[in-house]
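Below is one structure, written out as structure tokens; the observations come after it.
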Amino acid sequence: MAPNIGSKVILDRSGLDRLIADLRGRGYRVIGPVLADSAVIYDEIQSAADLPAGCRDDSEAGTYRLDQTGEPWLFGYTLGVQGWKRHLYPPRQRLFRAERGERGFRLLDDQEVEAPLALLGVRACELAAIQVLDGVFDHEGFTEPGYLRRRQNAFIVAVECGHAAATCFCASADTGPAVGQGYDLRLNEIAGQGNWLFVAEAGSEKGLAVLAELPSRPASPDQIAAAAAQPQQAASQQSRQLKDDAARVLAVSTESPYWDKVAERCLTCGNCTMVCPTCFCTSVEDVTDLAGDIAERWRRWDSCFTLDYSYIHGGNVRSKAASRYRQWITHKLATWHHQFGRSGCVGCGRCIAWCPVGIDITAEVRALADAERGR
Amino acid sequence: MAQPKKPKLAVWKFSSCDGCQLSLLDCEMELLAISEAVDIAYFLEATRRVKKGPYDISLVEGSITTAHDAERIKEVRRLSGTLITIGACATAGGIQALRNFKDVKGFIDRVYAHPEFIDTLSTSTAIADHVPVDFELRGCPINKAQLLELINATLNGRKPNVPRHAECVECKTQGTTCVVVAKGEPCLGPVVQAGCGNLCPQHGRGCYGCFGPMESPNTAALAARFAALGLDRRDIERQFRSYNANAPAFREESEAHDQPSRS
Ligand code: SF4
Ligand code: SF4
Ligand code: SF4
Ligand code: SF4
């Protein structure tokens with residue numbers, strides 16, 4: 001019996017392999033979790049054999065450790081080091097290339113055609129982050145064609161979390177761990193008898209067309225219940241919380257003396273913004289060949305923590321670390337609401353884990369609130 | 001129509017190991033393009049044939065360690081249009097600036113059979129401590145791609161794309177996993193200027209700091225993190241005291257962890 005949108009079916013391990021092969025056959029570049037040195041990252045995969053079997057990560061502020069559990073879970077880790085932003089909005093993008101002609105410069109139309117992306121293993125917080133970026137890159141008539149093209153062509157396979165890292169706080173950010181809308185396929189990896197299975201569900205026509213090609217059977221009530229229990233379990237493991245009134249706290253804290261306290265610890269290294277799946281700031285660089293006959297314009301990830309980023313005519317507007325940290329957290333949690341109608345934080349906890357000195361966005365909001373109350 | 005005159009380029013050496021000049025020679029194919037675009041008028045490492053100054057662009061390698069050098073750099077400045085210093089020696093005093101923390105006369109007396117023949121200053125200092133410098137290109141040694149970009153930008157009259165932010169940005173751009181977070185290993189990257197091409201972290205090793213302090217280095221916060229990772233005072237002092245030991249931010253941080261004299 002062919003599945004419908006929303007109906008739950010079982011794929012076994014070979015079914016997952018078939019899924020990857022099928023997506024590749026349809027011309028997608030399949031990006032999924034892989035083990036790279038000491039961490040899980042998202043990179044191109046060829047088959048399920050590339051997935052990080054048995055890997056389980058845990059993170060604390062400024063710390064990430066990956067264990068090999070020996071269990072064959074393929075999606076037992078929580079998150080890759082960097083999110084899907086890396087693939088949908090790469091760190092370096094060439095905007096155009098031009099050649100000097102008789103009269104001025106002539107644009108060269110030689111952009112490489114990119115294969116559409118299939119993203120395998122998208123977590124609830126990550127799907128929310130992609131939706132945040134959708135709002136940024138198609139906003140009040142201003143669009144970012146590269147992102148939107150990659151995004152529209154992408155096939156999203158979400159995999160729900162059965163376990164949260166200590167840095168996760170999607171439950172309080174209201175983005176997870178249950179995967180809501182916007183996926184083509186949703187998977188839950190559950191234990192079967194002596195093996196692991198996937199409860200699969202299509203969320204779009206595109207997803208259904210792919211799922212219908214795979215060998216599947218209807219899921220049993222027990223299997224459906226096991227899948228439904230996973231996000232509940234992951235939510236119950238979360239102890240970090242983002243204060244509900246974070247936006248208000250930041251709005252009244254612009255002149256707080258507490259910013260100097262954060263600045264004592266902050267390295268202004270920019271790691272938090274680079275790993276954040278919603279930070280989108282970039283700089284533009286022009287390069288030439290030695291003779292000055294060929295010019296290229298490149299866009300590269302930048303960060304509100306670098307001095308160049310806030311350099312305007314005549315000087316830098318955020319020379320102190322205190323004002324750079326304030327800019328970051330205030331934009332993320334408060335002014336993002338005014339600009340894009342929602343919070344810029346999806347609660348993935350990456351900025352907490354990958355900050356070399358472990359500065360914790362949830363703890364800083366609490367400390368600001370305390371400082372505000374004490375004044 | 002006569003060809004516009006090619007700008008004249010000179011390459012100068014002070015106290016240094018020649019590694020940065022070698023980076024220029026290492027440009028190979030691009031070096032041919034450079035020699036088309038400029039007139040290499042003075043570059044003793046490459047050719048003994050020299051043309052008289054003045055020079056439009058001077059690249060200066062090495063630090064100032066003798067009274068003679070301190071005079072010679074003034075002459076180089078006088079002869080140069082744009083003066084660019086290249087490498088940790090020229091921009092911060094180099095590894096030889098370790099002498100700045102010790103008694104140089106004591107070394108000379110111990111090492112040389114005839115100390116009276118040795119005529120040296122007690123410090124090794126950056127070129128910019130002696131004459132005005134138009135651009136400092138960091139690194140021990142400099143990065144070939146950055147050197148080409150700098151020469152290219154200078155010739156085309158545009159701003160060079162040589163960012164002053166942290167090495168961490170290179171890690172994240174390249175997709176390198178952070179060694180501090182994932183392995184608990186010390187890394188100077190957060191206080192070091194990007195530009196090396198992510199050499200060490202890419203191989204799972206913390207940054208040694210070849211490119212010197214980044215634009216707003218919070219060395220005290222990083223030193224506190226090193227201490228939490230188990231480094232003792234002496235380890236921390238040594239982290240900050242290497243190729244860029246005399247760059248002010250690193251100098252101050254290493255001095256804050258200086259062991260009380262053990263003599
Ligand atoms: S601010 Fe931090 S927790 Fe929130 S989305 Fe960005 S990286 Fe994740
Ligand atoms: S923040 Fe939530 S959705 Fe994201 S990885 Fe953690 S548990 Fe999963
Ligand atoms: S908060 Fe952490 S990661 Fe972000 S700039 Fe400061 S030290 Fe770097
Ligand atoms: S490895 Fe070093 S340079 Fe790279 S992100 Fe970590 S602290 Fe920064």
Side-chain angles (χ1 to χ4, degrees), chain A residues 36-43 57 59-66 80-82 86 90-92 263-275 283 285-293 295 298 300-303 305-309 316 319-321 324 353-359, chain B residues 30 32-38 148-149 151-153 155-192 194 202-204 206 214-222 224-226 228-229:
Chain A
D37 193 9
S38 46
V40 169
I41 65 165
Y42 301 148
D43 207 347
D57 52 357
S59 309
E60 247 313 329
T63 314
Y64 167 100
R65 290 294 179 276
L66 194 71
V81 178
Q82 296 188 26
R86 189 173 180 80
R92 288 183 62 78
E264 283 170 16
R265 285 172 287 140
C266 177
L267 303 163
T268 63
C269 62
N271 274 302
C272 46
T273 62
M274 302 269 151
V275 295
S283 282
E285 280 177 355
D286 290 334
V287 297
T288 48
D289 70 342
L290 212 52
D293 291 333
W298 286 79
R300 62 164 172 83
W301 286 0
D302 205 340
S303 165
F305 283 94
T306 75
L307 279 177
D308 254 359
Y309 189 71
N316 184 287
S319 56
K320 283 170 61 190
R324 283 182 263 164
W354 296 100
C355 170
V357 290
I359 293 176
Chain B
E30 294 96 331
L32 286 178
I34 292 176
S35 62
E36 303 259 298
V38 300
L148 286 169
E149 164 63 13
I151 293 175
N152 182 327
L155 292 175
N156 283 299
R158 62 175 173 84
K159 178 173 167 258
N161 297 309
V162 179
R164 302 206 52 221
H165 54 228
E167 176 53 20
C168 301
V169 173
E170 279 202 291
C171 276
K172 291 299 177 280
T173 305
Q174 299 219 11
T176 301
T177 298
C178 176
V179 304
V180 178
V181 172
K183 298 186 186 169
E185 279 180 19
C187 173
L188 279 175
V191 298
V192 167
Q202 203 176 63
H203 291 98
M214 51 82 94
E215 56 196 6
S216 53
N218 187 347
T219 52
L222 189 63
R225 175 69 167 145
F226 286 172
L229 290 174

Query - A:Ala321 portion near chain B, given a 4.5 angstrom heavy-atom threshold - result: neither
Report task. Give, as side chain, backbone, both or neither, the part of A:Val81 having an atom under 4.5 angstrom from any heavy atom of chain B. Result -> side chain
Query raised in the report: Do B:Thr173 and A:Arg92 have a side chain donor and acceptor closer than 3.5 Å?
Result: no
Requested in this report: Would you mind telling me which of A:Asp43, A:Val275, A:Asp289 has the largest number of heavy-atom pairs within less than 4.5 Å of chain B?
Outcome: A:Asp289
Query - Contact origin within A:Glu285 toward chain B - heavy atom pairs under 4.5 Å - result: both
Query raised in the report: Considering only heavy atoms, which portion of B:Leu155 lies under 4.5 Å from any heavy atom of chain A: side chain, backbone, both, or neither?
Result: side chain
Query raised in the report: Based on non-hydrogen pairs under 4.5 Å, which of A:Asp302, A:Thr288, A:Leu66, A:Thr306 is most in contact with chain B?
Result: A:Thr288
**Report entry** Options B:Ala224, B:Ala221, B:Gly157, B:Ala37, ranked by heavy-atom pairs under 4.5 Å with chain A, top entry
**Finding:** B:Ala221
Query raised in the report: Atom CD of B:Glu149 and atom CG of B:Asn156: how far apart are they, to the nearest 0.5 Å?
Result: 9.5 Å
Query - Interatomic distance, B:Ser35 atom OG to B:Glu30 atom CD [nearest 0.5 angstrom] - result: 11.5 Å
Query raised in the report: Where on A:Asp57 is there a heavy atom nearer than 4.5 Å to chain B: the side chain, the backbone, both, or neither?
Result: neither
Requested in this report: Would you mind telling me which of A:Ala291, A:Ala353, A:Ala39, A:Gly62 has the largest number of heavy-atom pairs within less than 4.5 Å of chain B?
Outcome: A:Gly62
**Report entry** Proximal component of A:Arg86, with respect to chain B [non-hydrogen, under 4.5 Å]
**Finding:** side chain
Query raised in the report: Is chain B contacted by the side chain of A:Asp37, its backbone, both, or neither, given a heavy-atom distance below 4.5 Å?
Result: side chain
Query - Polar side-chain atom of B:Arg225 near backbone of A:Pro356 as donor-acceptor pair, under 3.5 Å - result: yes
Query raised in the report: Given the options B:His165, B:Glu36, B:Arg158, which has more heavy-atom pairs under 4.5 Å with chain A than any of the others?
Result: B:Arg158
Query raised in the report: Quick one: does A:Gln82's side chain have a donor or acceptor within less than 3.5 Å of a partner on B:Lys172's backbone?
Result: yes
Query raised in the report: If you count heavy-atom pairs under 4.5 Å with chain B, which of A:Thr273, A:Val357, A:Asn271 comes out on top?
Result: A:Asn271
Report task. Any chance you could measure B:Ser216, atom OG, to A:Leu267, atom CG, to the nearest 0.5 Å? Result -> 9.5 Å
Report task. Evaluate the side-chain proximity of A:Trp301 to A:Ser283: yes if any heavy-atom separation is below 4.5 Å, no if none is. Result -> no
Query raised in the report: What's the spacing between A:Ser59 OG and A:Trp354 CH2 if we round to 0.5 Å?
Result: 7.0 Å
Query - Partner chain A: residue of B:Cys187, B:Ala166, B:Ala153, B:Cys168 with the largest heavy-atom pair count (under 4.5 Å) - result: B:Cys168
Query raised in the report: Just by distance, do the side chain of B:Glu215 and the backbone of A:Leu307 share a donor-acceptor pair under 3.5 Å?
Result: yes
Report task. Please answer whether the main-chain N or O of A:Thr268 pairs with a side-chain N or O of B:Asn218 as donor and acceptor at a distance below 3.5 Å. Result -> no
Query raised in the report: Is it the side chain or the backbone of A:Asp286 that comes within 4.5 Å of chain B heavy atoms, both, or neither?
Result: backbone
**Report entry** Proximal component of A:Ala263, with respect to chain B [non-hydrogen, under 4.5 Å]
**Finding:** backbone
**Report entry** Whether A:Tyr42 side chain and A:Gly80 backbone form a donor-acceptor pair below 3.5 Å
**Finding:** yes
Query raised in the report: Under a 4.5 Å heavy-atom cutoff, which of B:Val180, B:Asn161, B:Val191, B:Thr219 has the most pairs with chain A?
Result: B:Asn161
Query - A:Arg65 side chain vs B:Val181 backbone, donor-acceptor pair below 3.5 Å - result: yes
Report summary line: So, the part of A:Ile41 with a heavy atom under 4.5 Å from chain B: the answer is side chain
Requested in this report: Could you tell me which portion of A:Tyr309 (side chain, backbone, both or neither) has an atom closer than 4.5 angstrom to a non-hydrogen atom of chain B?
Outcome: neither
